[in-house]
Protein chains: 2
Amino acid sequence: MNGRKIISFENIKVACRNCSLTTLCLPMGLEPDDVEKLDDIVKRNRPLHRGDHLFRDGDRFHSLYVVKTGSVKTYAPSEDGGEQVLGFHLPGELIGLDAIEHEMHNCSAKILETSAVCEIPFEHLEELSSTIPSLQHQMFRLLSREIGHDEGMLTLLGKKNAEERLAAFLVSLSDRFKRRGFSSTDFYLSMSRHEIGNYLGLAVETVSRLFTRFQEEGLLNVERKHIQLLDTDKLHNIVQGEDSDSKRQYP
Amino acid sequence: MNGRKIISFENIKVACRNCSLTTLCLPMGLEPDDVEKLDDIVKRNRPLHRGDHLFRDGDRFHSLYVVKTGSVKTYAPSEDGGEQVLGFHLPGELIGLDAIEHEMHNCSAKILETSAVCEIPFEHLEELSSTIPSLQHQMFRLLSREIGHDEGMLTLLGKKNAEERLAAFLVSLSDRFKRRGFSSTDFYLSMSRHEIGNYLGLAVETVSRLFTRFQEEGLLNVERKHIQLLDTDKLHNIVQGEDSDSKRQYP
DNA sequence: AAAAACACTTGATCCATATCAACTTGCGCT
DNA sequence: AGCGCAAGTTGATATGGATCAAGTGTTTTT
């Protein structure tokens, strides 16, 4: 059916129902029968490498993408060469939802480390979800979740200081790794300090200094990309805007 | 059918197909027949007044809301009494999409001026859109649009300075008024300076000073809530990050 | 294996915007 | 109609984080 048979990766038996992301990804709450139908429309491409683009700003929209392994960043490029990092996407996370409206991508998606990504042709998905109410519901939920997530980021950028932003970033990663069965306290960052700073609305130097300070304060160990969280309680407190020493006269 | 007959506002003949918001609101691209079905599920409540809440953070989610006339702000309250303004909603704009995921509102919606608002019970809407593919498609588009809009705000808060933020805010309002058939250069703000500042991640004083400066520079006239845009070209340039005098050495 | 390019860190300085303070204006309420 | 308070303005000062600068460590290229 698919012309490319030379590289056998596509033939490996990987189905949605076997996918370890099953509770994170689309099928949640679907009948086995329906999962099979979904499975049929998902394309599984060969692994992608650091720097590859899934799509670019301005590309015509055809498919949503789900990270299977690895990680992907999305960013909005601006004319002058600058960019705003919009998100870092871990296994099970859906990419491309913002392109549905205009049938055109208005951000770019770049692979951060060797990754496997499922492609879901949107027209097929739409057809399928009009015949499977629980899939339609799941789609609404996923889109809604993305909106909720973005609203959280708006609060982060609008109200939080540098320290709170980095703490929130680390806690978010930690939680997401945990849900995926990885260590929540010991992980590697696939993005650069520059990308973290860009995402959080901070300069690289500020991110670097904060890592140093968090380490000095015993909150974590950091060695280049390798992070070990040591005091997640205190990190959570920082996210809430409660600096242990200063501030906080009356609750 | 509806218990409350005392106040006759509900009986006024206002249907989706007559609604002046028709191209902005849901029905776009629907058959007349389908519009009628949608019309049947929309509840039209009596007018709401400044300070009223459509819903509050934590409320169970039942319905989406569409502003018919007036304006509404949504905001995420924080424990300590602070808040982050998430958006200002004009006629034709949909409110509550972020609540679908958890069937619970995670922001509050407050009326800014006497407003009429349509209520769309989400369960009915969902049923209907599983039988009308073009309605399902329209729903996906609306959700996607919201995501795209939020991503634009992330760039605004992450990368733009105070001047660019206020200019972007004014240009956005101007465009939206225009699309609704109001003047794009002469309008009243229904929100306070404080709310504008909160929305844009700026202090009230900064907003006030910027209005004064924009007026001094001949970009606009401002008298309390009344705004007259005088040089929309220059405002657009500011949004793009091109300050006329300074900056801009090489393109 | 050396060289070049890049990623990160650390220190010194600057500046945009927050914060504090005082005053003015307009509006809701009795 | 006028009191009282909230909203807005304007000025003075403070500061968090940006920017500039210089150096170190790491990865990629040749």
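Bear in mind the structure is a predicted one, so any value in this text is a computation, not a measurement. Sequence lines set the chain letters: A, B, ... in the order given, protein chains first and strands last, and positions in each chain run from 1.
Per the geometry, NE2 belonging to A:His226 stands 18 Å off C1' belonging to D:dT26, to the nearest Å. Rounding to whole angstrom units, CG of residue B:Leu202 and P of D:dG8 are separated by 15 Å. In this structure, A:Leu210 atom CG and D:dG17 atom P are separated by 8 Å, rounded to whole Å. Separating the CG atom of B:Leu112 from the P atom of D:dA7 is a distance of 13 Å, rounded to the nearest angstrom.
Annotation: the span from B:Thr185 atom OG1 to B:Leu230 atom CG amounts to 8.5 Å, rounded to 0.5 Å.
Residue B:Gly197 is out of contact with every strand shown, counting any heavy-atom pair closer than 4.0 Å.
The ring pair (Phe, Tyr, Trp, His ring centres under 6.0 Å) check on A:Tyr65 picks up A:Phe55, with sequence neighbours excluded. Listed by chain and residue number, nothing satisfies the salt bridge (charged side-chain N to carboxylate O under 4.0 Å, His left out) test with B:Glu151 (two or more places apart in sequence, or in another chain). For the side chain to side chain contact (heavy atoms under 4.5 Å, CB included) test, residues two or more places apart in sequence or in another chain that qualify with B:Val239 are B:Ala167, B:Ala168, B:Val171. Here B:Arg56 pairs with B:His53, B:Asp59, B:Ser108 under the side chain to side chain contact (heavy atoms under 4.5 Å, CB included) rule; sequence neighbours left out. A:Phe187 is linked by a ring pair (Phe, Tyr, Trp, His ring centres under 6.0 Å) to A:Phe177, counting only residues two or more places apart in sequence or in another chain. Not a single side chain to side chain donor-acceptor pair (under 3.5 Å) links B:Ser144 to another residue, sequence neighbours left out. For B:Phe182, there are no ring pair (Phe, Tyr, Trp, His ring centres under 6.0 Å) partners, not counting sequence neighbours.
Rounded to 10 degrees, the angle separating the terminal helix axes of the helix from C:dA1-D:dT30 to C:dT30-D:dA1, each built from five base pairs, is 60°.
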Listed pairs under 3.5 Å, donor-acceptor, residues 199-208 of chain B side chains, sequence neighbours left out:
none

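Taking side-chain N and O atoms only, B:Lys225 has no distance below 4.0 Å to OP1 or OP2 of D:dA7.
Chain B approaches DNA chain C over the interval C:dT17 to C:dG26, counting the first and last nucleotide 5' to 3' with an atom under 4.0 Å from its heavy atoms.
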(Q) Generate the contact string for nucleotides 9-14 of chain D. Rules: B means base contact, S means sugar-phosphate contact only, - means no protein heavy atom under 4.0 Å. (A) BBBB--
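Residue pairs that meet the ring-ring contact (aromatic ring centres under 6.0 Å, His included) test with at least one member in residues 210-232 of chain B, sequence neighbours left out, are B:Tyr188-B:His226.
For the pair B:His236 (side chain) and B:Thr232 (backbone), a donor-acceptor distance under 3.5 Å is present.
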